[in-house]
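Proteins get letters first, then strands, A, B, ... in listed order; numbering begins at 1 in each. Fair warning: this is a prediction, and the values are worked out from it, not measured in the lab.
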Amino acid sequence: MTALRRGARRAEPVWDVAFALAGALAIAAVVLRAAGYPPLAVLRGAFGFSLFTAHGITTTLAFATPLIFTGLCFLIGVRAGIFNVGAEGVVMVSAGASVAFGALLALPAPVHLPLTLVVAIAVGVLWMLPSALLKAHRQVHEVLSTIMLNWIAIFLVAFLIAYPLRDRDFPARTVLILPSSRLDPLFPGTSLTVMLAAGILLCLAAYVLLYHTPTGLHLRATGADPAAAHAIGIDVRRLTMLAFLLGGAVAGVAGFTLTAGFPPYWNIDEHMQSLLRMGFLGIVVSAMARNHPLGCVLSAIVVAAVLTSRSYLQLAHGIVYEFAELLAGIVVILLALPGISRDIARWRAKQAARHRALTPSPAGVRGR
Amino acid sequence: MSRLVAAVAVLAGAAALTLLRGPTATASLALMALAAMVPIALPAIGEVVNQKGGVFNIGLEGIMLIASVAAVYAAEQGGNGLVGLGGGLVSGAAVALLFGLAVTYGRANQTIAGLGLNFFGIGAVAFLIFEIWGAPGFHRVPEALRIQPLATPAGLLRWLSVAAVLMPVLAVGLLQHTPFGLRLRAVGHNALVSDVSGIEVYRLRLAACVLGGALAGLGGAYMSLDWIGLASIDLIAGRGFVALACVVFSGLNPWRAVAAAFVFSVFNALGLWLQVEPWARPLMARGGSALFLMLPYASVLALLVASPAREAFPREIGRPYERP
């Protein structure tokens, strides 16, 4: 009985996520219906396309790859008690750095690619540093500092695209990253690269770090109760910094993945379409994984499926690209509600109790 | 101390500009800043009320976005810009009501719910603009429906700028001199004790959320109907978050929040102003306009460094209340 109950409690997050997804799909269906689209056909077509067609599923997995990294960025922060929403800006600057380093420098292939990755990570860590310092030493709200840095990053990369990195022959995009610094697709004609495997491994590494090392324990203690963590001798400032900078590093990998690891483009387009909101969607990924690293891959695939369906929705039904954000937003809001399943269980218990009270008990048996 | 430094800096800047370019230049820069200030000051004042009750609404950006589009729709349906402003106000309040329900009765995590609201705002607005006007991305407001500003020799003075400057009077009056304000502050300070003494914690927080949402909605409506004349997914461009930064800087003093909004707006105006300077021309030819646009956001970052410590804020901020 207790084992069963423990199992049920462990499954609770799964129910919460399932409930949020179902709720979001239901609300989306109502919205679609109100706007005059056939909701069932649209939703079935969308997920059928992004999960059950060869082109769709490889695109979904390719989109999922950077989302795993930006999801981990937010996740590590949340576990340490900080809402680090700076992945967006980090993705921007490290994508810019990857293009600059991968396109403007000619190095031999075995050195060029890893060095580009290192540069992207270093730039990511550096971009996170101001927010980390402000939070650790001046208690500045991290959402605000990171959002401001996100905007600065967006304008910085807009400038890079507009002039220093612009392709003189194709003004609609930056120069291409040189072959020596490109990741080739796993299957020809797809955008899938080896970075997907790296993402899965990094999730495992994050799990080991957070749950099976002293540092991870200290990180989680800092997140659970900073005052108590401080009282037992944990250097809360140092761990806050660590959580930020680790987040910057993984988000930097996302920036690398979206440029050097994104065949057949290997560039940034004029409007940054490939980069915009990849950082923010990491929040959705982490929230849907219930902030657990092992859930990140699956939840990144779900978010990526929604992203992949955008082109189908636009071509087949004429629905705007940003419908994906609408869906994601509802999922996040529903996920923020605590223990929906717990409330439902409580409500049902109450109903059952009332039912018991109302039904006459068999003769001679009073109550329990 | 930091207040003094900021005031001296603003005055010195104004004096330098007056000496170099004449008083008209200073006046026109000030008017530009006053126009840019409204969509930050109004939401910021609403958020001060919100936070006094213990709710940190990070979804301001989303509320402003939705309201900016709803306002244009209302104006076109009603055939009048003022109807549009009203529509923005009401839609902002309505979205904030939903958020408020989630973070009070729903006991949702305020940060996550707010971030979700911002996402929802982007998606909803893109969807609405396309479904209403069949336009992908943006819709221009018909000139006849725009709120007409007052023309002065130095530039245009927008009516809501005046309202934004005077709004702190109302906010301080509400918070410090009414029973509602006292109860709200009590809820923000200690929700459990307020509950025990008979104050409806959830209902009060909900009211504060709706009030904050209404002001944020008015700010969004001002951007689309009055200042810019456009409904677009990137119309608000982070102003909701800038408003939050101003609130954090203000330590929940409405006057300080408006002052912070003005500082951001001066830098915003300065960023636009500097672009047409002769020395900026070679830079502008090389995509430099993006670099000037960074200026206001960098100034907010500096503002945050000078913000007061956490102690200035209500104890219960960000915490969902649940009866033990």
Side-chain angles (χ1 to χ4, degrees), chain A residues 28 31-32 34-37 78 83 85 130-131 134 138-141 143-145 147-164 166 277 280-281 283-284 287 314 318-340 343, chain B residues 56 58-59 61-62 98-99 102-103 106-131 136-137 233 237-238 241-242 244-245 248 285-294 296-301 303-307 309-310 320 322:
Chain A
V31 171
L32 286 171
Y37 298 102
V78 159
F83 287 97
V85 294
S131 310
L134 283 176
R138 304 258 339 164
Q139 280 85 43
V140 169
H141 201 297
V143 171
L144 300 175
S145 62
I147 293 269
M148 292 309 132
L149 281 167
N150 287 349
W151 281 101
I152 295 173
I154 287 176
F155 289 124
L156 182 63
V157 174
F159 166 69
L160 290 180
I161 298 170
Y163 191 74
R166 175 176 220 117
R277 295 200 272 282
F280 282 132
L281 285 168
I283 303 168
V284 186
Q314 188 148 50
I319 297 173
V320 284
Y321 237 54
E322 285 82 0
F323 195 73
E325 271 82 10
L326 189 117
L327 205 58
I330 302 171
V331 173
V332 174
I333 295 173
L334 291 179
L335 281 172
L337 297 168
I340 302 169
D343 280 2
Chain B
F56 196 105
I58 259 174
E61 180 94 1
L98 292 180
F99 173 81
V103 300
R107 302 185 307 285
N109 180 319
Q110 295 175 5
T111 310
I112 301 282
L115 290 171
L117 183 53
N118 290 328
F119 263 115
F120 177 77
I122 294 170
V125 159
F127 190 69
L128 283 174
I129 290 177
F130 187 75
E131 295 303 323
I233 42 170
F241 289 103
V242 173
L244 283 171
V248 168
R286 289 166 177 79
S289 69
L291 294 177
F292 287 106
L293 294 176
M294 283 179 200
Y297 300 98
S299 75
V300 172
L301 213 52
L303 213 60
L304 284 172
V305 179
S307 296
R310 276 276 155 86
E322 202 162 357

Can you check whether [X] reaches [Y] side chain to side chain, under 4.5 Å on heavy atoms?
| X | Y | result |
| --- | --- | --- |
| A:V332 | B:F120 | no |
| B:F56 | A:H141 | yes |
| B:E61 | A:I147 | no |

Which atoms of [X] approach chain B - backbone, side chain, both or neither, heavy atom under 4.5 Å:
| X | value |
| --- | --- |
| A:F159 | both |
| A:L281 | both |
| A:V85 | side chain |
| A:L156 | both |

Q | Among the listed options B:V125, B:I129, B:T111, the residue most often paired with chain A at heavy-atom distances under 4.5 Å | A |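 Result: the option with the highest number of such pairs is B:T111.
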Checking heavy atoms, do the side chain of [X], its backbone, both or neither come under 4.5 Å from chain A?
| X | result |
| --- | --- |
| B:V103 | neither |
| B:I233 | side chain |
| B:I58 | side chain |

**Q.** Residues which pass side chain to side chain contact (heavy atoms under 4.5 Å, CB included) with A:A287, listed by chain and number, not counting sequence neighbours
**A.**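 A:A287: side chain to side chain contact (heavy atoms under 4.5 Å, CB included) contacts with A:L335.
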Q. Which pairs pass side chain to side chain donor-acceptor pair (under 3.5 Å) with one or both residues in residues 150-161 of chain A, sequence neighbours excluded?
A. none
**Q.** A:A35 versus B:F127, closest heavy-atom pair with distance
**A.** CB-CZ, 3.7 Å
Q: For B:F130 and A:G318, work out which heavy atoms get closest and say how close.
A: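 So the two residues come closest at CE2-O, 3.1 Å.
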**Q.** A:R138 side chain vs B:V305 backbone, donor-acceptor pair below 3.5 Å
**A.**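 Confirmed, A:R138 side chain pairs with B:V305 backbone.
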